Amino acid sequence: MSSFTKSTSFNRRALSSLSVESPRSTSSTAFNSPIGSAFASPRTFGGSPRPYTNRLKEISYLFQVLIVAGTLVSFLVIIAGGYLYVVPSLGYNGALQFNDTSVIINSKECDIFDGSWVVDDSYPLYNASECPFVEKGFNCLGNGRGHDEYLKWRWKPKHCNVPRFQVRDVLERLRGKRIVFVGDSMSRTQWESLICMLMTGLDDKRSVYEVNGNNITKRIRFLGVRFSSFNFTVEFYRSVFLVQPGKLLRWHAPKRVKSTLKLDVLDVINNEWSSADYLVFNTGQWWVPGKLFETGCYFQVGNSLRLGMSIPSAYRVALETWASWIETKIDPNKTRVLFRTFEPSHWSDHRSCNVTKYPTPDTQGRDRSIFSEMIKEVVKNMTVPVSVLDVTSMSAFRSDGHVGLWSDNPLVPDCSHWCLPGVPDIWNEILLFFLFRQQVTFFLFVLVL
């Protein structure tokens, strides 16, 4: 009687010769070949029955594995082929320069806001005198600025590139969309900049118009520009604090109190924002004593007047109110939310305005802002994704980019607002990168799979 166990018999078969024998071979020959044993007549070895159906099951399993593997390989080939066909048609060689090092999958690979300004003669991106949506006060060249060196600077991150602006691709990506800017006059400047950038891709400039026929003014609450050829709008809502200013309703308040800022109530026009595809917020320039306490405006929370509350504390409460609204009213599957940080001004200590010819090598502390830090802290704790456009540090170098005396009122210098074209154009290039980078990441992820 044979002393082979089942496992010993299996190991011997696995180590035996792979030559194919005749089905009429002896029983030991049948075990010399897996193929031969599969087709041999039923026999016993060592007195133990071994039906050849077991061998058929093994081969059947092998074929199933091969079929699954072949199907998976075919699927990957189809996906890769579709990827190579579809991605160029979507413009990934354009607006986001897919074949350039500027595309980033993992944000840890590159902090796009950590870099420097470099000279680039391909700028500016448009001529303000040919764009009807630039306020006259921001067209510095048109207002007599004698040199254009301030127009020739591009932001270069240390370890990657800001994607080059390709207008036709961006227009296609925005087709059927609604992009909304909410904030103060700096937000309006960025809004004007984006419109002018996009108009360079249109032959028929008349297809772009303000929806209510309004001229661009500083005080108007809503401005909306429609690109009819691509069925999208770029809108601006003036909300300098984001929360609601109000009249004083208490009779026994100190005489110095003329009005209040309701920190726990978002601006009443907020219903106009929530259906946007892209929402870009900012606030900061009005959170100063000259715009608040010196005008008699103090803070209010609920029915309580907070006379002793500091401006940074009030700013934080306002941000929390904004964050609560975002998490309550915004559908993250439809709307992308971004918050641009505080943009520094370049006034001297004595409120004089000295616009330089070139960017300054020393930010003198303007690269840091308590408001910007608060924005990042609040966003970090939110459940709805919000992208922070941290332009504070990069803009702090651009003492050459302000309006200065080249406005529509040269008697009033301006070291807060920016010339157009200029620094806000770079903000918008970064904005567009943030708007579209998730699509690139998705396609790259599929290809890697």
Side-chain angles (χ1 to χ4, degrees), residues 112-131 134-158 161-162 164-165 184-194 196-197 282 284-285 340-369 371-372 389-431:
I112 202 168
F113 301 107
D114 180 18
S116 60
W117 293 94
V118 296
V119 175
D120 190 329
D121 288 333
S122 67
Y123 286 81
L125 299 174
Y126 56 89
N127 184 339
S129 297
E130 297 175 356
C131 181
V134 169
E135 291 178 57
K136 183 179 179 181
F138 298 156
N139 183 4
C140 297
L141 280 183
N143 292 328
R145 187 165 183 174
H147 58 84
D148 64 355
E149 285 86 353
Y150 72 98
L151 296 173
K152 303 295 183 179
W153 295 92
R154 171 173 61 88
W155 180 249
K156 174 66 176 70
K158 288 181 179 179
N161 293 311
V162 176
R164 293 283 184 165
F165 176 68
D184 53 29
S185 57
M186 301 299 172
S187 183
R188 189 179 69 252
T189 305
Q190 187 177 3
W191 171 80
E192 294 176 20
S193 162
L194 182 60
C196 294
M197 291 168 64
N282 96 290
Q285 291 290 335
R340 181 172 55 75
T341 62
F342 182 76
E343 57 293 303
S345 60
H346 287 85
W347 297 95
S348 72
D349 294 338
H350 304 289
R351 294 296 294 177
S352 63
C353 178
N354 180 27
V355 177
T356 59
K357 187 174 183 179
Y358 302 106
T360 179
D362 183 6
T363 63
Q364 298 180 343
R366 293 184 176 91
D367 57 329
R368 296 182 299 274
S369 165
F371 293 158
S372 298
L389 303 181
D390 190 4
V391 305
T392 304
S393 180
M394 62 184 292
S395 304
F397 295 96
R398 295 306 305 273
S399 56
D400 61 323
H402 290 291
V403 170
L405 298 174
W406 300 286
S407 69
D408 53 348
N409 185 4
L411 298 178
V412 180
D414 187 349
C415 268
S416 295
H417 293 92
W418 305 89
C419 296
L420 291 180
V423 174
D425 305 332
I426 307 300
W427 299 346
N428 279 325
E429 287 189 298
I430 295 174
L431 167 66

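Position 1 is the first residue of the sequence, and the numbers go up from there. Fair warning: this is a prediction, and the values are worked out from it, not measured in the lab.
- In this structure, the separation between CH2 on Trp347 and CZ on Arg366 is 11.5 Å, given to the nearest 0.5 Å.
- His402 and His346 have tilted rings, their planes meeting at an angle from 30° to 60° on a 0 to 90° scale.
- Side-chain atoms of Asp408 and Asn143 include no donor-acceptor pair closer than 3.5 Å.
- At least one side-chain heavy atom of Ser395 sits under 4.5 Å from a side-chain heavy atom of Trp427.
- Asn139 and Ser129 share a side-chain donor-acceptor pair at under 3.5 Å.
- Using modelled atom types, no side-chain atom of Glu149 and backbone atom of Tyr358 make a donor-acceptor pair closer than 3.5 Å.
- With sequence neighbours excluded, the residues satisfying salt bridge (Lys or Arg N to Asp or Glu O under 4.0 Å) with Asp114 are Lys158.
- To the nearest 0.5 Å, atom CE of residue Met394 and atom CD of residue Glu343 are 12.0 Å apart.
- Of the possible polar contacts, none joining the Ser416 side chain to the Ser345 backbone as a donor-acceptor pair under 3.5 Å is found.
- Side-chain contact between Glu429 and Ile426: present, with at least one pair of heavy atoms (C-beta onward) separated by less than 4.5 Å.
- No more than 12 heavy atoms of other residues, nucleotides or ligands shown are found within 6.0 angstrom of NZ on Lys136.
- Counting heavy atoms from C-beta outward, Cys140 and Tyr150 have side chains that approach closer than 4.5 Å.
- A donor atom on one side chain and an acceptor atom on the other are not found under 3.5 Å apart for Ser399 and Thr360.
- In this structure, Val162 and Arg154 have side chains that are not in contact, with every pair of non-hydrogen atoms separated by 4.5 Å or more.
- At a threshold of 4.5 Å between non-hydrogen side-chain atoms, the residues Asp414 and Ser407 do not count as touching.
- Shown here are the ring-ring contact (aromatic ring centres under 6.0 Å, His included) partners of Phe113, two or more places apart in sequence or in another chain: Phe434.
- A donor-acceptor pair under 3.5 Å is formed between the side chain of Thr341 and the backbone N or O of Val391.
- Here the rule is side chain to side chain contact (heavy atoms under 4.5 Å, CB included) with Cys415, and of Val403, Val355, Asn354 only Val355 fits it.
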